[in-house]
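Scope of the values below: all heavy atoms of this structure, side chains included, with no hydrogens, waters or symmetry mates. Given the structure is predicted, the values throughout are model-derived calculations rather than measurements. Chain identifiers are assigned alphabetically (A, B, ...) following the order of the sequence lines, protein sequences preceding nucleic acid strands; residue numbering begins at 1 within each chain.
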2 protein chains.
Amino acid sequence: MHSCPGSASKSQHQAVRDTLEVISGKWKLVILALLLNRPYRFKELSREIGISPRILSKELQELEQHQLVTRRVCETRPITVEYASSDHGRSLLSVVQAMSDWGYLHHETIVGKKRLDDPSAQIA
Amino acid sequence: MHSCPGSASKSQHQAVRDTLEVISGKWKLVILALLLNRPYRFKELSREIGISPRILSKELQELEQHQLVTRRVCETRPITVEYASSDHGRSLLSVVQAMSDWGYLHHETIVGKKRLDDPSAQIA
DNA sequence: GTAACCGGTATCCTTTTGGTAATTGATAAC
DNA sequence: GTTATCAATTACCAAAAGGATACCGGTTAC
């Protein structure tokens, strides 16, 4: 099931590392998950996921450098900028899908644990 | 294809965030990718992926807290400790699989870009 | 003029992450 | 006694990641 336990998967963990290098961090996959549905404008993204403009700008630049998203300036009033997933970005769909599926299934578990660990959790 | 563009996926990106909260960082998925094949001992993991004992210990503890891996002390001489994926950990197989598949496919692209960005790359 | 919207930067700061090296305690080999 | 292995842990430190806030230049509405 899990590919191969020996030689053919020369180093599966290396492949995972390679992928992580591109989508590392707290935001890239979250942004991509949105852009896989439809294009978003800068402020729209910022509001939707609650990320500061500085970070968002940086993340989008990195996604652009890796050719995962495209940036298009729209000559509207006022000017808006539209970000969209590229074909290359869409090739990450299975990763995003797998992660959101898992997140849905284990939401309770994760949130539950968060509460247990959370020092701000009150024992009324 | 990508679930749903409107209401039913209340917030796919939230699910992605939930998942990221558990498997974030440079190492957790790499470790898990190995443990999905077979159990590993501490030093074995350390050597295989080239990670310092301090970090490895911390990562394994976090994975254990999230019930993704199990820890078993073996009464050998000297004592060894065996880490293995739990059932819950195996539920991340599709995520690991998706990421390693993507990594394989785009290895050249990633490594290529790394070289371009790398300041230590010499222009002889 | 003033205010608001847009995309984005600049500045400052805190937190997290990751790494090295040394050490510990138990056990065994020499 | 010395050295080695194993599984960590500790102390220290550097770098990266992330966040808050203010600000900029351009445009439109009032």
Side-chain angles (χ1 to χ4, degrees), chain A residues 13 16-32 34-35 39-66 69-84 113-114 117-120, chain B residues 13-14 16-32 34-35 39-66 69-84 114 117-120:
Chain A
H13 71 274
V16 173
R17 287 173 87 158
D18 290 340
T19 302
L20 281 173
E21 198 153 319
V22 174
I23 57 169
S24 65
K26 198 172 169 180
W27 298 115
K28 290 196 191 64
L29 277 185
V30 177
I31 294 169
L32 202 57
L34 284 171
L35 297 186
Y40 276 77
R41 288 181 297 100
F42 187 87
K43 262 279 150 64
E44 222 176 347
L45 280 174
S46 172
R47 271 191 289 258
E48 178 72 31
I49 65 187
I51 181 177
S52 71
R54 192 182 76 89
I55 304 294
L56 179 57
S57 176
K58 198 195 63 181
E59 299 287 307
L60 286 171
Q61 278 174 26
E62 288 173 20
L63 287 169
E64 219 191 324
Q65 274 168 27
H66 286 295
V69 311
T70 61
R71 179 184 184 274
R72 190 170 67 90
V73 177
C74 307
E75 294 300 338
T76 54
R77 318 259 138 250
I79 281 178
T80 55
V81 180
E82 198 174 82
Y83 291 92
K113 286 198 180 311
K114 228 193 293 186
D117 291 345
D118 191 350
S120 76
Chain B
H13 70 275
Q14 249 307 332
V16 173
R17 285 173 88 159
D18 289 340
T19 302
L20 281 173
E21 197 153 320
V22 175
I23 58 169
S24 67
K26 197 171 170 180
W27 297 114
K28 289 197 192 62
L29 276 185
V30 178
I31 294 169
L32 202 56
L34 284 171
L35 297 187
Y40 276 77
R41 288 182 297 100
F42 186 88
K43 263 274 154 59
E44 222 177 347
L45 280 174
S46 172
R47 273 191 288 258
E48 178 70 30
I49 66 187
I51 181 176
S52 71
R54 191 182 76 91
I55 304 295
L56 179 57
S57 176
K58 198 196 63 181
E59 300 287 307
L60 285 171
Q61 277 173 24
E62 288 173 19
L63 287 169
E64 219 191 323
Q65 274 167 28
H66 287 295
V69 311
T70 60
R71 178 183 185 274
R72 191 171 67 90
V73 178
C74 306
E75 294 301 337
T76 53
R77 317 263 139 248
I79 281 178
T80 55
V81 179
E82 196 174 85
Y83 291 92
K114 227 191 299 186
D117 292 345
D118 191 351
S120 74

Taking N or O atoms only and anything under 3.5 Å, show me the protein contacts with nucleotides 16-26 of chain D, one pair per line.
residue : atom : partner : partner atom : Å
D:dG18  : OP1  : A:Lys26 : N            : 2.8
D:dG18  : N7   : A:Arg54 : NH2          : 2.9
D:dG18  : O6   : A:Arg54 : NH2          : 3.4
D:dG19  : OP1  : A:Lys26 : NZ           : 2.7
D:dG19  : OP2  : A:Trp27 : NE1          : 2.9
D:dG19  : N7   : A:Arg54 : NH2          : 2.8
D:dG19  : O6   : A:Arg54 : NE           : 2.9
D:dG19  : O6   : A:Arg54 : NH2          : 2.7
D:dA20  : N6   : A:Arg54 : NE           : 3.1

query = Which value, rounded to the nearest 0.5 Å, describes the distance between A:Asp18 atom CG and A:Ile23 atom CD1?
reply = 11.5 Å
task = Answer yes or no: does a side-chain N or O of B:Arg41 lie under 4.0 Å from OP1 or OP2 of D:dA8?
result = no
query = Pick from B:Leu56, B:Val30, B:Ile51: which one makes a side-chain contact (heavy atoms from CB on, under 4.5 Å) with B:Leu45?
reply = B:Leu56
ask   = If you round to the nearest 0.5 Å, how far is NZ of A:Lys58 from NZ of A:Lys28?
value = 6.5 Å
request  = Please lay out, stage by stage, how B:Ile49 and A:His13 fare under the test side-chain contact (heavy atoms from CB on, under 4.5 Å).
outcome  = CA-CA 8 Å; B:Ile49 66 187; A:His13 71 274; 3.7 Å; yes
Sugar-phosphate only, base, or nothing, as touched by B:Arg72 at under 4.0 Å among non-hydrogen atoms = nothing
Separation of A:Ile55 CD1 from A:Ser46 OG (nearest 0.5 Å) = 11.0 Å
Point-to-point distance, once rounded to the nearest 0.5 Å, from NE2 of A:His66 to CD of A:Glu64 = 11.5 Å
key: Whole angstrom value for the distance that separates C1' of D:dA7 from CD of B:Glu64   = 13 Å
key: Pair B:Arg72 + B:Glu82, salt bridge at N-O below 4.0 Å   = yes
remark   = Between the CD atom in A:Glu48 and the CG atom in A:Leu34, the distance rounded to the nearest 0.5 Å is 5.5 Å
Any B:Thr80 side-chain N or O less than 4.0 Å from OP1/OP2 of D:dC6 = no
query = How many Å lie between CZ on B:Phe42 and P on D:dC6, as a whole number?
reply = 12 Å
ask   = Where does the chain B footprint on DNA chain C start and end, counting 5' to 3' with a 4.0 Å heavy-atom cut-off?
value = C:dG18 to C:dA28
query = Are B:Gln61 and D:dT9 close enough that a side-chain N or O sits under 4.0 Å from OP1 or OP2?
reply = yes
